Amino acid sequence: MCCHLPRQESPNHSAMKKILLIGAVGSGKTTFVQAMMKASLKYKKTQAMEYYDTIIDTPGEYLESRRYNNALIVASCDCHMVLLFQDASSKNCLFSPNFASVFTKPVVGIVTKIDEEIKDIDYARDCLTLAGAEKIFEISAIMGLGLEELEDYMVLKP
């Protein structure tokens, strides 16, 4: 089952590589998709893998239940890059050490919710570093912080 959101063009969007989003429930993956697509931000629970033009959004349960890891690996075959999402306001890190090593694509870490009052960005960065992310970005999809830098990186990364 897949869902397609109408795409609203941003200047770099058409050149952006296809990406796979992986993170826990509530880590901000779908909000990130809405922000990147310039769509209105509203809460929506992802129930199955959702395919957009350049983004594959996965349910958080795919990370939380290891039996779905194969689905993540298979979905990554259609992508140029894998993005791992870690909520800065959460003390739960669900990425095992070297989690990124199962992917044959570049793996980038995304620290989300950096605008939250209670947060631990260093903990989130450490979680993503241990998981094997090659580069880490800090973003707030709600406030639009860090999105342009991340989008530029995704367009320019070979």
Side-chain angles (χ1 to χ4, degrees), residues 1-64 68 71-90 92-95 99-100 103 105-121 124-125 127-128 131 133-158:
M1 178 179 204
C2 66
C3 175
H4 297 278
L5 201 78
R7 184 169 133 194
Q8 297 174 356
E9 290 291 331
S10 66
N12 293 330
H13 193 77
S14 61
M16 192 169 72
K17 308 281 190 291
K18 193 167 205 175
I19 56 174
L20 175 69
L21 313 183
I22 302 173
V25 170
S27 63
K29 299 178 303 294
T30 301
T31 304
F32 169 79
V33 171
Q34 293 169 351
M36 294 299 286
M37 304 289 275
K38 308 289 189 257
S40 60
L41 301 180
K42 58 184 175 195
Y43 178 77
K44 177 180 144 322
K45 172 69 182 101
T46 304
Q47 298 291 323
M49 283 195 193
E50 295 189 4
Y51 294 79
Y52 305 97
D53 288 336
T54 58
I55 302 171
I56 301 174
D57 188 7
T58 63
E61 290 84 1
Y62 280 38
L63 174 65
E64 294 173 6
Y68 293 114
L72 297 173
I73 295 166
V74 169
S76 74
C77 293
D78 290 335
C79 297
H80 298 96
M81 188 178 298
V82 176
L83 273 57
L84 306 181
F85 283 70
Q86 178 62 40
D87 178 354
S89 67
S90 173
N92 293 328
C93 178
L94 298 178
F95 297 108
F99 177 81
F103 301 103
K105 314 295 176 161
V107 177
V108 175
I110 310 295
V111 176
T112 62
K113 303 183 184 182
I114 61 170
D115 58 317
E116 293 287 321
E117 188 174 324
I118 299 173
K119 62 185 176 266
D120 190 344
I121 293 173
R125 290 182 74 83
C127 173
L128 293 167
E134 65 183 47
K135 184 158 177 63
I136 298 173
F137 292 88
E138 298 173 7
I139 69 163
S140 167
I142 300 288
M143 304 295 289
L145 302 172
L147 295 178
E148 189 173 324
E149 178 187 1
L150 174 59
E151 188 171 17
D152 288 347
Y153 178 81
M154 291 187 294
V155 168
L156 297 175
K157 178 77 175 164

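A quick note: this is a predicted structure, and the numbers were derived from the prediction, not measured.
Considering every non-hydrogen atom in both A133 and G109, the closest pair reads CB-N, 3.4 Å. Considering every non-hydrogen atom in both A124 and A88, the closest pair reads CB-CA, 4.1 Å. Residues L72 and Y62 come closest through the heavy atom pair CD1-O, 3.6 Å.
Residues I139 and V111 fail the side-chain proximity criterion, which asks for heavy atoms closer than 4.5 Å. In this structure, I56 and C79 have side chains that are in contact, with non-hydrogen atoms separated by less than 4.5 Å. T31 is listed as a side-chain neighbour of I142, based on a closest heavy-atom distance under 4.5 Å. Side-chain atoms of F99 and V107, non-hydrogen and from C-beta on, never get closer than 4.5 Å to each other. You'll find the side chain of V155 stays beyond 4.5 Å of the side chain of K17, heavy atoms only. With a 4.5 Å cut-off on side-chain heavy atoms, L145 and I114 count as touching. Residues S76 and L20 meet the side-chain proximity criterion, which asks for heavy atoms closer than 4.5 Å. Looking at heavy atoms from C-beta onward, I136 lies out of side-chain contact with V108 at the 4.5 angstrom threshold.
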*asked:* Go through it in stages, so that I can follow the logic: the residues are F95 and L84, the test is side-chain contact (heavy atoms from CB on, under 4.5 Å), and I'd like the CA-CA distance, side-chain angles, deciding distance and then a yes or no.
replied: CA-CA 9 Å; F95 297 108; L84 306 181; 3.7 Å; yes
*asked:* Pair E138, I121 - check side-chain contact (heavy atoms from CB on, under 4.5 Å), show working.
replied: CA-CA 8 Å; E138 298 173 7; I121 293 173; 3.3 Å; yes
*Could you give me the CA-CA distance, side-chain angles and deciding distance for H80 and M154, then say whether side-chain contact (heavy atoms from CB on, under 4.5 Å) is met?*
CA-CA 9 Å; H80 298 96; M154 291 187 294; over 6 Å; no
*asked:* Is there a side-chain contact (heavy atoms from CB on, under 4.5 Å) between M81 and Y153? Walk through the geometry before answering.
replied: CA-CA 11 Å; M81 188 178 298; Y153 178 81; 4.2 Å; yes
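Between K29 and D57, none of the side-chain N atoms (NZ, or NE/NH1/NH2) sits under 4.0 Å from a carboxylate O, so this pair counts as no salt bridge.
The CD1 atom of I73 sits 8.5 Å away from the CD1 atom of I22 when rounded to the nearest 0.5 Å. Here the OG1 atom belonging to T58 is positioned 10.5 Å from the CG atom belonging to L83, to the nearest 0.5 angstrom. The line from SG of C127 to CG of D87 is 10.5 Å long, rounded to the nearest 0.5 Å. Between the NZ atom of K105 and the NZ atom of K18 there is a distance of 11.0 Å, given to the nearest 0.5 Å.
In this pair, F32 and F85 present their aromatic rings perpendicular. The plane angle is above 60°, beyond the 30 to 60° band.
In this structure, the side chain of T112 engages the main chain of S27 through a donor-acceptor pair within 3.5 Å. Judged purely by atom type and a 3.5 angstrom limit, S140 has no side-chain atom pairing as donor or acceptor with the backbone of D115.
For the residue pair E50/Y52, the side-chain donor-acceptor check at 3.5 Å is satisfied.
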